[in-house]
Amino acid sequence: DGSRPITISDVQELVKQKDELEAQIKACYELLEGQKGVGMNEPLVDAEGFPRNDIDLYQVRTARHNIICLQNDHKALMKQVEEALHQLHAREKEKHARDEAEALAEAMSQNQSLPQAFAKVNAVTPGSPASISGLQVDDEIVEFGSVNINNFQNLQNIATVVQHSEGRPLSVTVIRSGKKVHVGLTPKRWAGKGLLGCNIIPLQR
């Protein structure tokens with residue numbers, strides 16, 4: 001019917017039919033063998049042109065005729081098997097392409113759903129509060145306490161939040177290699193200068 005997509009079980013069914021045909025062809029050949037080894041082309045008449053009486057002519061003719069028909073069926077069936085496999089393969093390839101496209105679309109939409117960063121960490125001093133909190137160089141800052149893309153004007157905004165939060169954990173959200181990461185950062189006095197020990201630069205939008 002062509003409207004229904006080919007399935008693996010269709011192919012298995014065709015292969016089963018092929019095996020049955022091959023068994024029938026073999027049986028016909030065995031029957032010919034049994035008739036004094038007559039094959040497909042030996043003459044069925046004797047030297048004088050009379051029908052041979054040492055073999056069952058009817059059986060031989062029938063077997064020969066059957067073999068020809070069966071081999072034609074077999075050829076047609078092999079073509080069907082080949083086409084079915086080809087269709088299955090094409091469908092697999094198409095499905096693979098669709099899956100890839102969907103995965104790509106999903107990755108794209110995830111990127112779009114990532115919030116906008118307004119600043120970036122370009123240095124972190126080892127042993128500093130920023131370093132201990134797990135902040136990393138190249139982290140793009142999306143939220144720094146109450147500061148985000150909507151209310152960020154300049155680095156003074158961050159400095160203010162830091163001063164107000166000395167000794168208290170600040171919630172910081174960054175984008176790190178395409179994913180949102182939450183960091184708990186507690187500004188406090190340490191061996192170095194400032195309360196964080198990291199350098200933040202605004203991102204040009």
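All values reported here derive from a predicted model rather than from experimental measurement. Residue indices begin at 1 and follow the sequence shown.
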Identify the heavy atoms of [X] and [Y] that sit nearest to each other, and give their distance.
{"X": "C198", "Y": "V121", "result": "CB-CG1, 4.5 Å"}
{"X": "R176", "Y": "G134", "result": "NH2-O, 3.0 Å"}
{"X": "I200", "Y": "L155", "result": "O-CD1, 3.3 Å"}
{"X": "W190", "Y": "G197", "result": "CZ2-CA, 3.4 Å"}
{"X": "V161", "Y": "G145", "result": "CG1-CA, 4.4 Å"}
{"X": "L203", "Y": "A117", "result": "CD1-CB, 3.8 Å"}

Check whether any side-chain heavy atom of [X] sits under 4.5 Å from a side-chain heavy atom of [Y], and report yes or no.
{"X": "T173", "Y": "K180", "result": "yes"}
{"X": "L170", "Y": "P187", "result": "yes"}
{"X": "E30", "Y": "K26", "result": "yes"}

I149-V183 co-clustered via ILVMFWY side chain contacts under 4.5 Å: yes
Single-linkage hydrophobic cluster, 4.5 Å side-chain cutoff, V181 and V137 together: yes
Applying side-chain hydrogen bond (donor to acceptor under 3.5 Å, both in side chains), can you list everything that pairs with [X], at least two apart in sequence or on another chain?
{"X": "N151", "value": "none"}
{"X": "K18", "value": "E22"}
{"X": "H86", "value": "none"}
{"X": "D54", "value": "R52"}

Other ILVMFWY residues reachable from V15 by side-chain steps of under 4.5 Å: I6, I8, V11, L14, L21, I25, Y29, L32, V38, M40, L44, I55, L57, V60, I67, I68, L70, L77, V81, L85, L88
Side-chain hydrophobic cluster, 4.5 Å single linkage: members besides M78: none
Partners passing side-chain contact (heavy atoms from CB on, under 4.5 Å) against [X] (at least two apart in sequence or in another chain):
{"X": "S9", "answer": "T7, Q12"}
{"X": "S131", "answer": "V124, S128"}
{"X": "E166", "answer": "R189, L195"}
{"X": "K16", "answer": "E13, E20"}

Atom [atom1] in [X], atom [atom2] in [Y]: separation rounded to 0.5 Å?
{"X": "T125", "Y": "L135", "atom1": "OG1", "atom2": "CG", "value": "11.0 Å"}
{"X": "T62", "Y": "D56", "atom1": "OG1", "atom2": "CG", "value": "8.0 Å"}
{"X": "E42", "Y": "K36", "atom1": "CD", "atom2": "NZ", "value": "13.5 Å"}
{"X": "K188", "Y": "L196", "atom1": "NZ", "atom2": "CG", "value": "10.5 Å"}
{"X": "Q59", "Y": "Q35", "atom1": "CD", "atom2": "CD", "value": "5.5 Å"}
{"X": "C69", "Y": "Q24", "atom1": "SG", "atom2": "CD", "value": "11.5 Å"}

Salt bridge (Lys or Arg N to Asp or Glu O under 4.0 Å) pairs, two or more places apart, involving residues 70-79: none
Passing candidate, salt bridge (charged side-chain N to carboxylate O under 4.0 Å, His left out) with R98, options E94, E100, E102: E94
Sequence neighbours excluded, every pair satisfying ring-ring contact (aromatic ring centres under 6.0 Å, His included) that has a member inside residues 143-163: F118-F152
